[in-house]
Amino acid sequence: MIDQNSKTLLEVRGLHANVSGIEILKGVDLTVRSGEIHAIMGINGSGKSTFAKILAGHPAYEVTAGTIIFNDRNLFDLDPEERARAGVFLAFQYPIEIPGVANNQFLRLAYNTVQSQRGKEELDPLEFDDFVREKMKLLEMSPDFLDRSVNEGFSGGEKKRNEILQMALLEPKLAILDETDSGLDIDALRIVANGVNQLTNKDNATILVTHYQRLLDYIVPDYVHVMESGRIIKTSGKELAKELEAHGYDWINADDGCSTTGVRA
Amino acid sequence: MSAVLQNLVNQPYRHGFVTEIESDIAPKGLNEEIIRLISSKKNEPEWLLAFRLQAYEKWLSMTEPRWQNVKYPEIDFQSISYYSAPKPKKKLASMDEVDPELLRTFEKLGVPMHERAALAGVAVDVIFDSVSVATTYKEKLAEVGIIFCSISEAVHTHPELVKQYLGTVVPTGDNFYAALNSAVFTDGSFCFIPKGVKCPMDLSTYFRINTEGSGQFERTLIIAEEGASVSYLEGCTAPRFDTNQLHAAVVELIALDNAEIKYSTVQNWYAGDEKGVGGIYNFVTKRGLAKGVNSRISWTQVETGSAITWKYPSCILRGDNSVGEFYSVAVTNNYQQADTGTKMIHIGRNTRSTIVSKSISAGHSNSSYRGLVRVAPTAENARNYSQCDSMLIGDQCGANTFPYIQVNNNSAKVEHEASTSKIGEDQLFYFLQRGIGAEEAVSMIINGFCKEVFQQLPMEFAVEATKLLSFKLEGSVG
């Protein structure tokens, strides 16, 4: 939902970043306001997943230039856990397994940590159990997920649902979904997308990082950005995704009329 | 990130204080005279002196084992004092008369004997350097016929039992360190659970080495008669010294028909400093004989201390349908080395054994699992399941698995699984991204990893073990 008067939540300017000494991001600019859904598309290796991880503060990436303002704060002043508590959420492309740690224990610790940091009430195990079961209905998850170890032995679809469940619990200001559609069959895609749609509102924003158009049939973006070689090279409305699907990423380079300024306004 | 891991792992040792207590120390060195001295100090019967001297004879002909995957300089056995006892001011009749300095030590250790024993319902035998100081709850246990006392006391009060069982599971010449222990052991715990008695409380021993340059050679003997059962806990600490100290204990367990012995250890001997100077050499022989039908012996150990750990709590499953279990967590950091595991010897029919071994290595440490599963021709339908998981923190440490499997009966089923994982940046980042701090994350990851073993510990010990691990690894991620 585009509203030019709503608050700027994220402002990225001239972002450059390296991994293992190789420059991956070469000047990314992006502005996201409350209530907006942005899709960042691009071929493998274009830098879109790197961008997602840098927003969350992954230690493997080194920012060499540029600024990121999140909710009026310099994002680089915040450690990864502080970013999470401030409302930055990353749904991982490959959620990691944590053997022996029960999902409900993990979810409750995350929930209560974030709640207490935001000056809100924590829940005891029984209260949390009721609360989380309600949220799980949103994603059509069976309650036995709670007793299993975090992501251990989960199918690809189950892992992605568990990510969105965490998003539902932590109620982020800015949710970044990194290739959440990869590895999902059509039913799981529908369930996950439906979950995300119910979580978006005028006070938060979502960035979808994806390779394919099909996710965008279910979660309709306000803006579509195309990333190539570490830069956003084109920005447009949701129809851009359809054109990419039809013509492929090469088509952009053949098109002279592209614009990178659409988002700023 | 790895800096946080480093800090977590590098917490100082909490038990590194020395208690100012006058000790009665034997001159350094080992010879027949010293053994006679120990025996006479303890006013021992002739047969026990003979046992010691025979062990000493065997020891002289043996050489130190070098097959284990650990490195340390030659030990000079003549530079160790083989007897060190706190000097008693007078004979102790009750706990109130124990040297207050000593009691303060136990408080620093977190073992206030009165309160803790009373609250937890744990009977505690405390071995300080080599001498048993006081055994609590003795009278209450005696009402149901349980004998729980120091082994030197048992030698005098129940010589027939000690004589009947001592050295039957670990013979005097079993190995180099068992022979040494048999020759010079100064004290330890003795526990006898008579026929049909379920021990009403957990029994517990705390071991502490206090004197620099002294070795500790304790000997524990536990017997559960037909239908009896007992859960026994053992904790260990030592002060910090720059020299290495030798701890060579022997533990023997005997379970008769339908009897059950559960033996749990939380070992936190001084591990040396961050450069690997000092620390305890923990060379221990522990073995249980599941002698009777349907008997069960279960070892649970949490090994966090010692410069070098070299121990293989084992089960000889002689009785038909007998069960052996080994659950182990070994944590090594800095320059610690651990070579630990178990032996499951299946002799009886339908015998079953389970091995779950978890090792966590950090810093420059090295941890090896070494285990033997042997199925004798007589062991029809023997079953074994082994699982060995290793976790590495950082890239300077190592983990190895040496499983030995010898099967001489076609009906046996033996399974072995092994895995190695790393607390990687990505696992940690997952927690951080959900708002959870690094220390809490590492503690959760490690406790999750060790869960199957911690579940086996008695409640109170499980809490202590969890704390100890978090403490040990605190500041190591980051």
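A note on names: the letters A, B, ... follow the listed sequences, proteins ahead of strands, and every chain is numbered from 1.
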Problem set entry | side-chain contact (heavy atoms from CB on, under 4.5 Å) between A:His58 and B:Asp426, worked out | CA-CA 8 Å; A:His58 195 290; B:Asp426 283 325; 2.8 Å; yes

Exercise. Counting N and O atoms only, with roles assigned by atom type, does the side chain of B:Gln433 sit under 3.5 Å from a partner on the main chain of A:Arg83, one being a donor and the other an acceptor?
Worked result: no

Problem set entry | For chain B, the option from A:Ala102, A:Ser149, A:Ala86, A:Pro99 that forms the most heavy-atom pairs under 4.5 Å | A:Pro99

Exercise. So with a 6.0 Å cut-off around NZ of A:Lys7, is the heavy-atom count from everything else above 12?
Worked result: yes

Problem set entry | Non-hydrogen atoms of B:Ile436 and A:Glu81 that approach each other most closely | O-CB, 4.1 Å

Exercise. Only one of A:Ile96, A:Val150, A:Ile98 forms a side chain to side chain contact (heavy atoms under 4.5 Å, CB included) with B:Phe431, so which one is it?
Worked result: A:Ile98

Seminar exercise, completed: Scanning both residues in full, the closest heavy-atom pair of A:Pro59 with B:Phe429 reads CD-CD1, 3.9 Å

Exercise. Which atom names give the shortest non-hydrogen contact between B:Gln427 and A:Glu97, and what distance separates them?
Worked result: NE2-O, 3.1 Å

Exercise. Which region of B:Glu452, side chain (C-beta onward) or backbone (N, CA, C, O), has a non-hydrogen atom less than 4.5 Å from a non-hydrogen atom of chain A, or is it both or neither?
Worked result: neither

For this session: Starting at CZ of A:Arg85, measure out to CZ of B:Arg434 and round the result to the nearest 0.5 Å.
Result: 14.0 Å

Exercise. Any side-chain heavy-atom pair from A:Val101 and B:Lys451 closer than 4.5 angstrom?
Worked result: no

For this session: Grab the two heavy atoms, one from B:Gly435 and one from A:Ala84, that are nearest each other, plus how far apart they are.
Result: N-CB, 3.4 Å

For this session: Check whether A:Tyr94 gets within reach of chain B through its side chain, its backbone, both or neither, counting any heavy atom under 4.5 Å.
Result: neither

Exercise. Measuring heavy-atom distances to chain A, does B:Tyr430 have an atom under 4.5 Å in its side chain, in its backbone, in both, or in neither?
Worked result: both

Exercise. Within a reach of under 6.0 Å around NZ of B:Lys262, are more than 12 heavy atoms found that belong to other residues, nucleotides or ligands?
Worked result: yes

For this session: Heavy-atom distances under 4.5 Å only: say whether A:Pro172 touches chain B with side chain, backbone, both or neither.
Result: neither

For this session: Could you list which of residues 106-120 of chain A have a heavy atom closer than 4.5 Å to any heavy atom of chain B, in residue-number order?
Result: A:Phe106, A:Leu109, A:Ala110, A:Thr113, A:Val114

For this session: Pick one of side chain, backbone, both or neither for A:Leu90, based on which atoms fall under 4.5 Å of a heavy atom in chain B.
Result: both

